[in-house]
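In the text below, chain A, chain B and the rest are named by the order of the sequence lines, each starting its count at 1. What you see is a predicted model, and the numbers here were worked out from it, not measured in a lab.
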Amino acid sequence: MKTMSVRVRYAPSPTGHLHIGNARTALFNYLFARKNDGSFIVRIEDTDTKRNVKTGIESQLKYLKWLGIDWDESINKDGGYGPYSQLERLDIYEKYAQELLDRGLAYKCYCTKEELKQEREALKERGEDKLHYSRKCLYRTDEPDLPYTIRFKVPKDTYYSFNDMVKGKVTFKSEDVGDWVMVKQNGIPTYNFACAIDDHLMAITHVLRGEDHITNTPKQLMIYNAFNWDKPRFGHMTLIVNEDNKKLSKRDHSIIQFIEQYQTLGYLPDALFNFISLLGWSPKGNKEILSKEQLINLFDDKQLSNSPAKFDQDKLAFINNRYIKKLSDEEAVELCMPHLTKAGLTNTYSEEWIENLVKVFKDRLSFGAEITALYDEFFNQEFTLDDEQETLLKEPGVKETLEVFKRLLEELDEFNANTIKPLINQTGKEANAKGKMLYMPLRVATTAQMHGPDLPKVLALLGKDTVINRLNQMMKAL
RNA sequence: GGCCCGUUGGAGAAAUGGUUAACUCACAUGCCUUUCACGCAUGCACUUAUGGGUUCGAACCCCGUACGGGUCACCA
């Protein structure tokens with residue numbers, strides 16, 4: 001048996017920026033292709049000329065590339081199956097549409113949108129379950145000189161079954177599908193028609209897409225049947241849902257939805273790639289932090305989940321943090337710099353100070369832009385204590401500890417992390433405090449925080465004057 | 001409403017007929033570093049939405065119920 005080489009495609013419509021759901025579709029197709037030594041094709045489905053955005057294609061490709069998803073064939077890389085954008089293939093669709101017309105498998109429909117709308121509403125009012133087109137144009141014998149659409153004549157009593165890669169056997173009955181529009185009045189094909197033609201002509205072997213396409217599958221199957229073409233394997237991945245279990249909609253602001261935004265916020269492409277790969281799929285084994293190469297290696301379509309994938313923001317934060325930790329100090333600074341600049345901190349502080357800031361907080365950063373929030377928390381807050389912190393400072397011996405520390409600091413010439421650290425130890429000895437009761441009071445009295453990064457480093461960043469002022473202020477209140 | 005799909009711990013999710021239901025996040029506790037964090041260790045589902053059935057045996061198979069979602073365009 002001759003095994004055909006795997007060819008899969010990602011087929012975005014250029015209506016906007018790369019969305020997280022589309023990125024997921026692209027990513028799994030990519031993984032599947034690479035795993036099977038196949039080809040990954042990006043085809044532009046631009047048949048909705050009204051919704052096309054000028055920069056759409058460019059943006060889609062740009063962020064795909066940013067994520068590390070590279071393609072073998074597309075509008076800018078011919079693989080012999082082009083053209084790769086549907087508006088450049090209109091003559092192809094026209095030919096096939098004409099053939100279906102000639103063979104009586106499709107017909108022209110002269111109904112106006114208004115008529116169709118009324119028809120549908122009437123059906124709805126009568127409580128009909130199926131709001132299908134009445135087929136009245138099927139029986140027309142004249143050929144008026146009016147604009148028309150071409151409808152596919154759905155066969156009677158036919159079952160459309162396919163063995164879904166994710167869901168298993170799925171069956172639709174033809175009676176549940178109305179005669180659908182293949183070619184619009186403007187002569188441009190609809191999605192279901194163009195998609196089936198192109199997938200066949202481009203020798204696509206596997207169609208991996210979102211579950212929202214599952215009811216489109218019977219329509220596409222009708223086209224394959226009509227032309228007696230071999231069908232690709234279909235796989236419908238579960239939808240990505242938000243905290244409310246709703247499909248991610250572009251208006252939903254509880255979740256950041258566009259890849260571009262993640263880039264802007266200082267997420268790392270590898271981390272995002274990793275995170276997205278876990279949306280509706282799970283690797284064998286107990287590791288979840290995986291590189292692109294590891295993911296390609298581990299990828300198995302049998303592991304595709306069939307229950308919805310919840311977008312877990314905590315997990316994204318965790319994963320991105322793991323990747324940020326692996327960054328060099330220089331890379332971390334670079335990641336944070338745009339946000340520090342935007343917040344005006346680069347004007348206030350020296351380059352060295354900024355670098356130290358990033359180094360100190362690198363390990364707890366979930367994304368680049370978070371650096372300014374951490375900055376505010378430690379350096380730009382109103383310096384007040386909560387009840388828990390006050391209680392701690394009122395413990396016996398604390399005031400003495402603070403006094404000793406302040407005295408030692410005042411005598412210090414070189415104020416940096418290396419010189420501060422021994423002073424903390426010395427404070428412990430002189431004030432007879434240790435462990436938690438040494439560090440906690442010092443931390444609270446100087447930063448108004450119970451927890452934080454390495455204390456000497458934080459103090460060094462605060463600067464001698466601020467630290468001593470804060471200590472004075474605290475001791476006065478005790 | 002019709003059709004299609006789903007339902008495992010606080011969250012993600014593994015396990016498709018056979019011992020105590022993986023793993024990850026979060027949380028908690030302990031150890032370590034004179035603090036915190038990191039790291040390491042431990043704990044966290046008397047049980048797989050629910051009711052029946054099949055079976056020696058079911059999270060896994062069958063039927064019903066409830067709940068959730070998707071889709072029913074001259075959008076893709």
What contact category does [X] fall into here, base, sugar-phosphate, or nothing, at under 4.0 angstrom with non-hydrogen atoms?
| X | answer |
| --- | --- |
| A/N186 | nothing |
| A/K284 | sugar-phosphate |
| A/H132 | nothing |
| A/K50 | nothing |
| A/K167 | sugar-phosphate |
| A/K173 | nothing |
| A/E45 | sugar-phosphate |
| A/T171 | sugar-phosphate |
| A/L116 | base |
| A/L131 | nothing |
| A/T25 | nothing |

Closer than 4.0 Å, any side-chain N/O of [X] to the OP1 or OP2 of [N]?
| X | N | answer |
| --- | --- | --- |
| A/Q303 | B/A15 | yes |
| A/S282 | B/A14 | yes |
| A/K184 | B/A73 | no |
| A/R51 | B/A76 | no |
| A/K310 | B/U8 | no |
| A/T47 | B/A76 | yes |

(request) Can you check whether any acceptor in the base of B/A14 is under 3.5 Å from a donor in the side chain of A/N286, or vice versa? (result) no
(request) Determine whether any donor atom in the side chain of A/K315 lies under 3.5 Å from an acceptor atom in the base of B/U24, or the reverse, and answer yes or no. (result) yes
Between [X] and [Y], does any side-chain donor sit less than 3.5 Å from a side-chain acceptor?
| X | Y | value |
| --- | --- | --- |
| A/Q86 | A/D46 | no |
| A/R209 | A/T217 | yes |
| A/Y191 | A/H213 | yes |

Between [N] atom [atom2] and [X] atom [atom1], what is the distance in whole Å?
| X | N | atom1 | atom2 | result |
| --- | --- | --- | --- | --- |
| A/Y160 | B/C4 | OH | P | 15 Å |
| A/N245 | B/G68 | CG | P | 10 Å |
| A/E115 | B/C74 | CD | C1' | 13 Å |
| A/D212 | B/G70 | CG | C1' | 8 Å |
| A/K247 | B/C4 | NZ | C1' | 14 Å |
| A/L455 | B/C36 | CG | C1' | 9 Å |
| A/L290 | B/A13 | CG | P | 16 Å |

Nearest of [options] to any side-chain atom of [X]?
| X | options | answer |
| --- | --- | --- |
| A/F172 | B/A26, B/C3, B/C74 | B/C3 |
| A/N216 | B/A76, B/C25, B/C4 | B/A76 |
| A/A309 | B/C3, B/A13, B/G69 | B/A13 |
| A/R443 | B/C4, B/U35, B/A76 | B/U35 |
| A/R120 | B/C74, B/U35, B/U71 | B/C74 |
| A/K325 | B/G69, B/G39, B/A76 | B/G39 |
| A/V170 | B/U34, B/C75, B/C5 | B/C5 |
| A/N306 | B/A76, B/C5, B/G6 | B/G6 |
| A/D176 | B/C3, B/C74, B/A76 | B/C3 |
| A/Y439 | B/U35, B/U24, B/A11 | B/U35 |

(message) For A/L278, is there any backbone N or O sitting under 3.5 Å from a side-chain donor or acceptor partner on A/S282?
(response) no
Expressed as a whole number of Å, how far does the [atom1] atom of [N] sit from that of [M]?
| N | M | atom1 | value |
| --- | --- | --- | --- |
| B/U7 | B/C62 | P | 13 Å |
| B/C27 | B/G18 | P | 36 Å |
| B/G10 | B/U47 | P | 13 Å |
| B/U42 | B/G53 | C1' | 42 Å |
| B/C36 | B/C44 | P | 25 Å |

(request) Using ring pair (Phe, Tyr, Trp, His ring centres under 6.0 Å) as the criterion, point out the one residue from A/Y133, A/W180, A/F193 that pairs with A/F152. (result) A/W180
(request) Tell which nucleotide pairs with B/U29, taking only Watson-Crick or G-U wobble pairs whose two distances are both under 3.5 angstrom. (result) B/A41
Are the aromatic ring centres of [X] and [Y] under 6.0 angstrom apart?
| X | Y | answer |
| --- | --- | --- |
| A/F311 | A/F275 | yes |
| A/H206 | A/F28 | no |
| A/W71 | A/Y30 | no |
| A/F172 | A/Y160 | no |

